[in-house]
Protein chains: 2
Amino acid sequence: MKPYLLQTLKEIAKLGAIKNKIEVSSEELAEKIETSQQTASRYLLELDKKGFITRKLGIKKQIIKITNIGEEFLKKEYIDYQRIFELSDKIFFKGKIVSGIGEGRYYTEQNGYIDQFKEKLGFIPYPGTLNVEIEYIEKNKLRLLKNHDTITIQEFKTKNRSFGGVSCFKAEINGTSGAIVLPLRSHYSNILEFISPDFLRQKLDLKDEDIVEIVIFLN
Amino acid sequence: MKPYLLQTLKEIAKLGAIKNKIEVSSEELAEKIETSQQTASRYLLELDKKGFITRKLGIKKQIIKITNIGEEFLKKEYIDYQRIFELSDKIFFKGKIVSGIGEGRYYTEQNGYIDQFKEKLGFIPYPGTLNVEIEYIEKNKLRLLKNHDTITIQEFKTKNRSFGGVSCFKAEINGTSGAIVLPLRSHYSNILEFISPDFLRQKLDLKDEDIVEIVIFLN
DNA sequence: ATTACTAGTAAGCGAGTAT
DNA sequence: TATACTCGCTTACTAGTAA
């Protein structure tokens, strides 16, 4: 949706046009959005054509109501703002399922990790990690993790080699609980590794390239 | 603020740029807002020039943070959405103080009204009503009153004449409590009549033409 | 790599005005 | 009264490209 249409739709909503029909003239609306009568008229035509509002032209003014489609758009916008200002204990990501190189499985089968996962996260992960590729730009959100306490999995050694520490956050993927694991000593990558007691590819019917939503819980 | 700048600022905020500095390239941002790299670059320059963000150009990408001014703009926007979706038990008006023709005083001095005001609103109004002119278009919000229970002041008769019923809603003007009175049998006008135990023009230092905010409480 | 300038094109705007 | 069309003007857009 074009930004100016969204702003216009919001102004109409502020007048109560979600719950009630309202009566406006293009001139009055023009004043509200600080533009000309002609432009306001054009906006109303566009909003109507796109199905965001319904209109009935009277002799004077027009009777307008926001449609369900229009309301949905505004709600999405509202959720964006809620996430910006309120839900600062949650971070939302959209990402794409990708295949790792099987490393995840190797690590999640180490008893040194398993014992700590059980103790600190409360579950034994299904072997392997579900890798979710996020957009490069979204990595910025991971900075928010820095300000919060992490669940830290300590490094340990086996007779063959040593395993580094890992930092975890409780998380959900498409509504299913688990955790995100981040290597302690490395930069954030644009792959999020998700662990869970369940075999998620099966449980959630996920294939490579599928789009998923991840919520990371802080605290 | 131009709608497209606001939308851009919101996208930047969604990446966490209110709390943290974030690292973005104009190309990445362009993808987010579905435009070209050049346009994203221009938007960033505009946002910077207007003081909504600070930027530091690296060799790669740019480090961006939203300023207090930028945050305030987004918060205002957020409040708009809250009022649309959440605060459906409050209606907000901006209006302008105007002088009536002294009618308000005559009515508010009738014992038939006074007794009921005291009983149903809990106060005896200072003689007279404070008249607030709202924009014509804002009258639409008054429709929302229809869906809610009103405090009804019954009609009554004196030996000389009869006085019509009035519908009231608890309200605040610039934070001071009182009530809005609406004649029962008439169309909504674009003048809101506010009553209060206090002499509001003095208490709030109001003169004609002053802009005030009124909140009407439903329920 | 990335930013942002230039310049040509497209989209948006609003005065005038028909309806 | 209104709405909304035309049309000349302005703003916004992006391909190309310099820095």
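So that the names make sense, note that chain A is the first sequence line, chain B the second, and so on, each numbered from 1.
- One finds the OG1 atom of Thr67(B) at 8.5 Å from the CD atom of Glu71(B) (value rounded to the nearest 0.5 Å).
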What protein N or O atoms touch nucleotides 4-7 of chain D N or O atoms at under 3.5 angstrom, if any, and at what distances?
{"residue": "dA4(D)", "atom": "OP1", "partner": "Arg55(A)", "partner atom": "NH2", "Å": "3.1"}
{"residue": "dA4(D)", "atom": "OP2", "partner": "Arg55(A)", "partner atom": "NH1", "Å": "3.0"}
{"residue": "dA4(D)", "atom": "N7", "partner": "Gln37(A)", "partner atom": "NE2", "Å": "2.8"}
{"residue": "dA4(D)", "atom": "N6", "partner": "Gln37(A)", "partner atom": "OE1", "Å": "2.9"}

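- Rounding to whole angstrom units, CD1 of residue Ile53(A) and C1' of dT3(D) are separated by 13 Å.
- Centroid-to-centroid, the aromatic rings of Phe169(A) and Phe217(A) stay 6.0 Å apart or farther.
- For the atom pair CG (Leu182(A)) and OG (Ser189(A)), the distance works out to 8.5 Å, reported to the nearest 0.5 Å.
- Note on ring orientation: taking the six-membered ring where Trp is involved, the planes of Tyr4(A) and Tyr43(A) are parallel (angle under 30°, cut-offs 30° and 60°).
- Note on Tyr43(A): a side-chain N or O is less than 4.0 Å away from OP1 or OP2 of dC13(C).
- As rounded to whole Å, 16 Å separates atom P of dC13(D) from atom CD of Glu27(B).
- Between Ser25(A) and dT1(D) there is no side-chain polar atom (N or O) within less than 4.0 angstrom of OP1 or OP2.
- In this structure, the NZ atom of Lys60(B) is 19 Å from the C1' atom of dA4(C), given to the nearest Å.
- For Lys2(B) and dA12(D), the shortest distance from a side-chain N or O to OP1 or OP2 is below 4.0 Å.
- In this structure, Lys139(A) forms a cation-pi arrangement with Tyr136(A), its terminal cationic atom sitting closer than 6.0 Å to the ring centre and no more than 45° off the ring axis.
- Ring-plane geometry between Tyr113(A) and Phe156(A) is classed as perpendicular, the angle between the planes exceeding 60 degrees on a 0 to 90 degree scale with a lower cut at 30.
- Between Arg42(B) and dC13(D) there is a side-chain N or O to OP1 or OP2 distance below 4.0 Å.
- Side chains of Lys32(B) and Ile137(A) form a contact here, defined as non-hydrogen atoms less than 4.5 Å apart.
- For the segment residues 4-13 of chain A, no residue has any heavy atom less than 4.0 angstrom from an atom of DNA chain D.
- The phosphate of dG14(C) (OP1 or OP2) has a side-chain N or O of Thr35(A) nearer than 4.0 angstrom.
- Cation-pi geometry between Lys141(A) and Phe93(A) is met: under 6.0 angstrom from the ring centre, within 45 degrees of the axis.
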Please list each protein N or O that sits under 3.5 Å from an N or O in nucleotides 8-10 of chain C, with the distance.
none

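- Partner Tyr106(B) forms a side chain to side chain contact (heavy atoms under 4.5 Å, CB included) with one of Glu109(B), Gln110(B), Glu103(B) and no other, that one being Gln110(B).
- One atom, CD of Glu23(A), and another, C1' of dT3(D), lie 15 Å apart when rounded to the nearest Å.
- Of the N and O atoms on the side chains of Thr129(A) and Asn131(A), at least one donor lies less than 3.5 Å from an acceptor on the other residue.
- A straight line from CD of Glu28(B) to P of dA1(C) spans 13 Å, rounded to a whole angstrom.
- Between Tyr78(B) and Tyr81(A), the angle of the ring planes stays under 30°, which puts this pair in the parallel group of the 30/60° scheme.
- In this structure, the nucleotide among dG14(C), dT2(C), dG12(C) sitting nearest to the side chain of Lys61(B) is dT2(C).
- Using a 4.0 Å heavy-atom distance criterion, Thr39(B) is classed as a base contact.
- The distance between atom NZ of Lys56(A) and atom P of dA2(D), rounded to the nearest whole Å, is 19 Å.
- Between Glu34(B) atom CD and dA12(D) atom C1' there is a gap of 17 Å when expressed in whole angstrom units.
- Judged by distance alone, the side chains of Gln37(A) and Glu28(A) never bring a donor and an acceptor atom under 3.5 Å apart.
- Between Asp48(B) atom CG and dT3(C) atom C1' the separation is 13 Å, expressed in whole Å.
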